[in-house]
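Residue numbers start from 1 in every chain, and the chains themselves are labelled A, B, ... in the order their sequence lines are given, proteins ahead of strands.
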There are 2 protein chains.
Amino acid sequence: MARVGLTTERLVRAGAELADEVGFDQVIVSELARRFGVKVASLYSHVKNSQDLKTRIALFALEELADLSADAVAGRAGKDALTAFANVYRDYAHAHPGRVAAARLRLDPETAAASAGVRLAQMMRAILRGYDLPEPDQTHAVRLLGSTFHGYASLEGAGGFSHSSPDSGASWTRILDALDSLLRNWPTPPSTG
Amino acid sequence: MARVGLTTERLVRAGAELADEVGFDQVIVSELARRFGVKVASLYSHVKNSQDLKTRIALFALEELADLSADAVAGRAGKDALTAFANVYRDYAHAHPGRVAAARLRLDPETAAASAGVRLAQMMRAILRGYDLPEPDQTHAVRLLGSTFHGYASLEGAGGFSHSSPDSGASWTRILDALDSLLRNWPTPPSTG
DNA sequence: CTAGTTTGCCTAAAAGCTTTAGGCAAATGC
DNA sequence: GCATTTGCCTAAAGCTTTTAGGCAAACTAG
């Protein structure tokens, strides 16, 4: 009967929107089918199963995020680049809470290695080159930045900072100042004793 | 028939264990019933519904975490306190991945205000007193630390840092060094221009 | 333009989860 | 010992996911 024109692509996009509306863990195959005016079983020709759908949404979100970040960082360096990168992440988290949540989905190693996540990591490394840290510390710094951005967006999204002053935006700005300052004055390991 | 001795308390504890085994979002009422050798409907006398159970697990985890932290921080100050606090969080996340995930559950404001989460926040403020930052910055710093610890544990738990060198423990140590250094040399807002 | 193949969406059905309603029996209290 | 409370039960409805098999629409020849 009348074909709607389902596609893996379209399902994933709709899934991302659904995630933004109801939360990533409330993404439900049957709701998606409902939205397309189609029976649930029909989706299973385009997507292996619920898990597969979620993984695809995660990869899609990572891709979007990496694209936006690449744009934002292009032509910038130092604190400018750091801020631009960080803001893309936070803005994306605000605009698309479900997708960021998706981007945090645990992927199996091969999938992760083939995802846009590595592009994001490379960008962070590129930004850090502006601060020239010795090698082992560069990795530590990547992890610090990743943790902080991720954690901040996560707590902010969970409502952790709302209804308390100073407002969350102010903290974000000062935290970026602080991280920039930290990277410019990266400490050497304290001597034990 | 033979009574098993169900209790809200016991259900929550078992739920926490289940969360650690299979992940917080795989905590399922029927699995819990199975483990108690009891029919599913029986749980509904002790717990309002699935959401209620999850909320209780979250509150339980926050309580545990706050207790452990309070112990660890007692009698310490400065970097010592910071490190102790941070390590409790990370160790807890390693030992109880499901519970930390639970602790990150979005709670409605009143529930959150009555939770052990506020105790955790107070402890962080107490630790920061050792670094004496001017007031607005103290809040920013609380948020930075919270985000970083939370984010690090989250990424580490998601396998983000595994199978890449240097090992995750090394980064953690250096990140704590860096945060301590940052707090001791907290920057003033850069002048715009 | 028709014949054959692919592919999209369908119906049917099994199996699992959540939640409510109502009932019997065990534990508790007087 | 009797009444009440409370714990666990059965039954049932309404969701969800997932597999299997079928018909028809849309491509792909010739």
[N] phosphate, OP1 or OP2: any side-chain N/O from [X] under 4.0 angstrom?
X	N	value
Arg34(A)	dT16(D)	yes
Ser30(B)	dT18(C)	yes
His46(B)	dC8(D)	yes
Ser42(A)	dC10(C)	yes

From C-beta outward on [X], which listed nucleotide comes closest to its side chain: [options]?
X	options	value
Ala41(B)	dG8(C), dT18(D), dT20(C)	dT20(C)
Ile28(A)	dT17(D), dC9(C), dT19(C)	dT17(D)
Val4(B)	dT18(D), dC9(C), dC8(D)	dC8(D)
Tyr44(B)	dC8(D), dT20(C), dT17(D)	dT20(C)
Arg3(B)	dT7(C), dT18(C), dA25(C)	dA25(C)

Would you kindly give the [atom1]-to-[atom2] distance between [X] and [N], to the nearest whole Å?
X	N	atom1	atom2	result
Phe36(B)	dC8(D)	CZ	C1'	14 Å
Leu11(A)	dT17(D)	CG	P	13 Å
Leu6(B)	dA26(C)	CG	P	16 Å
Asp25(B)	dC17(C)	CG	C1'	15 Å
Leu43(B)	dT6(D)	CG	P	18 Å
Lys39(B)	dA21(C)	NZ	C1'	18 Å
Asn49(A)	dG16(C)	CG	C1'	16 Å
Leu18(B)	dC17(C)	CG	C1'	14 Å

Between Arg35(A) and Glu21(A), is there a side-chain N and carboxylate O pair less than 4.0 Å apart?
yes

Do the side chains of Arg104(B) and Phe24(B) get nearer than 4.5 Å, heavy atoms only?
no

Using distance alone, with no hydrogens and no angle criterion, decide if Thr148(B) and Ser147(A) have a side-chain donor and acceptor under 3.5 Å apart.
no

Does Tyr131(A) have Arg184(A) sitting over its ring (NZ/CZ under 6.0 Å from centre, angle to axis within 45°)?
no

Criterion side-chain contact (heavy atoms from CB on, under 4.5 Å) against Arg90(B), the qualifying member of Tyr152(B), Phe85(B), Phe149(B):
Tyr152(B)

